[in-house]
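Per chain, numbering begins at 1; letters A, B, ... match sequence-line order. Only heavy atoms go into these numbers, but all of them, side chains included; no hydrogens, no water, no symmetry mates. These numbers were taken from a predicted model, which means no experiment stands behind them.
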Protein chains: 2
Amino acid sequence: MAITIKDVAKLADVAPSTVSRVIANNPRISDKTKEKVKAAMDELGYHPNFIARSLANQSTRVIGLVLPNSTDVFFQNPFFPTVLRGLSDGANERQYALQISTGKTDDEIFEGVVQMVQGRRVDGVILLYSRTEDKVLNYLRERKFPFVVIGKPFKDVDQITYVDNDNYKASKEATNYLLSLGHKQIGFIGGDLNFVVTIERILGFEKALREANIESNDEYIIHSEFLREGGQEAISQLLNLKNPPTALVVADDLMALGVLNTLTEMKISVPEDISILSFNNVLFSELSNPPLTSVDINIFELGYQASRSLIRLLSNENEPVRRIIVPHKLIKRVSCSSRIIDIKTAHPN
Amino acid sequence: MAITIKDVAKLADVAPSTVSRVIANNPRISDKTKEKVKAAMDELGYHPNFIARSLANQSTRVIGLVLPNSTDVFFQNPFFPTVLRGLSDGANERQYALQISTGKTDDEIFEGVVQMVQGRRVDGVILLYSRTEDKVLNYLRERKFPFVVIGKPFKDVDQITYVDNDNYKASKEATNYLLSLGHKQIGFIGGDLNFVVTIERILGFEKALREANIESNDEYIIHSEFLREGGQEAISQLLNLKNPPTALVVADDLMALGVLNTLTEMKISVPEDISILSFNNVLFSELSNPPLTSVDINIFELGYQASRSLIRLLSNENEPVRRIIVPHKLIKRVSCSSRIIDIKTAHPN
DNA sequence: AGTTTTATCCAACATGTTTAATTTATCAGA
DNA sequence: TCTGATAAATTAAACATGTTGGATAAAACT
């Protein structure tokens, strides 16, 4: 057994409660006693038992993180470590620890969250994704357990505290950029439609086209969370249309890397033959060949703001519901070029 | 206050201790009583309080993960999410939760570990890195706190349970592969020498050259954890030697991507002008241009084995110290080609 | 001496687990 | 069928380690 406050109390010749108050720096204890107790703590090398503390306080100072299931590409995506770093920084500032959900299937994850919540293992939860239909989110709302979402909730937006970019606007702007370069046939390659980001980005994309009076073309829109397999096929298909797109908006850098790779294999050069614009601006976007023009969504900040918001929620009984929008920024590199020449000539098909 | 075993006990008309035993499925309780108690638990929607349990059991079923400090490239590297997935799977199998150290500086991290350990927040710890000199590791050893290292410890290898690849051998084999392709001038670009992996890989590299009777050339060896900045310079320097290398062993895919990028900018083509071989085989190694020949070290497995080993350590009082070597495999893609032609002709310099 | 103020302590509580004690049931033998 | 011995089931109480409201004692002030 380790050293407890009783041991300290005995050595300092005071009651355990006094020791507890010294730790909390309670003003009811005289400075003299505080000194005495502190000396005893040092002598014994005392460290408070966090578990006992949590039990007494009904608070663990742990934040639970819920990730989408691990089979998901999400996990491979550099988005994850970056957002985690932000979360970590935010938590660290206020001495919170992070616990992550383990669990492969959605059911296991849900079970894990229930354990965290009902087992009082965590004080609050951060969802690292937002889906159209999510058991976990519903559960947390039902139980009125404090939580924050990274990403825009699908419904009841005004009742949930969340941190997100304005993906709709970002996508619209990105598309406008391509339009401004003279592109008129623009394709969209998106990920899983169950994620709200995907939806937002596609809506922004469509809106931009509509505003430019370009009728949207369903054939130009591809959904798949491919990276390699299938992607190749999807792209050939896209490029074999009578009127192939001259530019692509890709919902994620990793995916864009896959696209780039496929195009290279097909001997189609970027940006000469086709322009590519993607999202997230993860580390390797600038290391790709050619470096990707990408919308920086400040992933770190998403995480950082999320933990801060949750902590605020936890420390303030009647903290209002908040929406935090992290600014984005188009980083122009070389994967997009202007399309001034005739499309037919320009495209190898 | 939530529902406790007392509430359940009252409803089922038994003692709290009986309820506790029902939860633990203790054979001392009759089936009849078990049924009765379970019914009461269901009726009340009882969920045991994990914190109270931890206190009583002196065990939290939480594993602490220690990452190198977040300013480190490590965090950006896809290595991290992958190893985490492995860790998560291993932990999940046995119902362990994962808690990660937050903390930006090395000191903060150390403090965090002390909190975890002395505060009894975790049952054991996994170090996700191995450095030549590490305060955390020394601390854990001193306190005899259960832990496992991912990577080979720098000293007292036989007293520490660890999971690693045989990086020495892997690097030697990789270098031999380049030798077998006819390369004689081979450079090495490595990362931070404080990490043991780097050391192992460079030793393997040198050994292979020695065995091939090629005297090693210090000018061919570069260390920096660059990705972009500085890297360019380092590479130009390397290629401006009188006898520039015709092949490079790069200690990490992400770094290799940086190298690739720099080379592309310098209009040096891979593998025609120079071959590149790297380590880790992370997701995007095959998405790069050209796809990288890389040593697959089975990152997932490293994590998976690490959590399993730690759990074994925790459940078995006198579990022996173990060394677990995860096999590696050279994945040949297209970034290496054979060097049959004369070097001077082949190289643009 | 009586009243405040200040410092410290006691005991209850947060929620389970577990040892040892007690109660209840079962069976052999009279 | 009843007694006592034994086994089985259940309970009470102690414990794991802190926190905190109210009680108490000591000191300080009228």
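Applying the 3.5 Å distance criterion, the base of dG21(D) shares a donor-acceptor pair with the side chain of Arg21(A).
In this structure, Leu55(A) atom CG and dA12(C) atom P are separated by 17 Å, rounded to whole Å. Across the protein-nucleic acid pair, Ile29(A) atom CD1 and dA26(D) atom P stand 17 Å apart, rounded to whole Å. Computed from coordinates, the Arg120(B) CZ to dG16(C) C1' distance equals 18 Å when rounded to whole Å. Across the protein-nucleic acid pair, Ile23(B) atom CD1 and dT15(C) atom P stand 13 Å apart, rounded to whole Å. Straight-line distance from the OH atom of Tyr46(B) to the C1' atom of dT15(C): 8 Å, rounded to whole Å. Taking atom CD1 of residue Ile3(B) and atom P of nucleotide dT15(C), one finds them 11 Å apart after rounding to whole Å. At whole-Å resolution of the value, CG in Asn25(B) and P in dA9(D) are 13 Å apart. Atom CG of Asn57(A) is separated from atom C1' of dT17(D) by 12 Å (rounded to the nearest Å).
Residues Asp158(A) and Arg323(A) are not paired through a salt bridge, judged by the lack of any N-O separation under 4.0 Å between the basic side chain and the carboxylate.
Counting non-hydrogen atoms under 4.0 angstrom, Ser30(B) reaches the backbone sugars and phosphates but no base. If you check every strand for non-hydrogen atoms under 4.0 Å, Phe50(B) touches nothing. Within the 4.0 angstrom heavy-atom criterion, no nucleotide atom of any strand lies near Ser54(B).
The nucleotide whose nearest atom lies closest to any side-chain atom of Ile5(B) is, among dT10(D), dT17(C), dA12(D), dT17(C). Listed nucleotides: dT11(D), dG16(C), dT17(D). Nearest to the side chain of Val14(B): dT11(D). Between dA7(C), dG18(D), dC9(C), one nucleotide has an atom nearer to the side chain of Ser17(A) than all others, and that is dC9(C).
Taking the six-membered ring where the residue is Trp, Phe195(A) and Tyr129(A) present perpendicular rings, their angle passing 60° and hence far from 30°.
Each of Ser20(A) and Arg28(A) has a nearest nucleotide on DNA chain D; the 5'-most of these lies closest to Ser20(A). If Ala52(B) and Lys32(B) are placed on DNA chain D by their nearest nucleotide, the residue sitting closer to the 5' end is Lys32(B).
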Problem set entry | Chi angles and distances behind the side-chain contact (heavy atoms from CB on, under 4.5 Å) call for Arg121(B), Val62(A) | CA-CA 10 Å; Arg121(B) 275 158 167 271; Val62(A) 176; 3.7 Å; yes
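At the phosphate of dC13(C), neither OP1 nor OP2 sits under 4.0 Å from any side-chain N or O atom of Gln58(A).
For the pair Val125(A)/Phe145(A), a side-chain contact is recorded, criterion being any heavy-atom separation below 4.5 Å from C-beta on.
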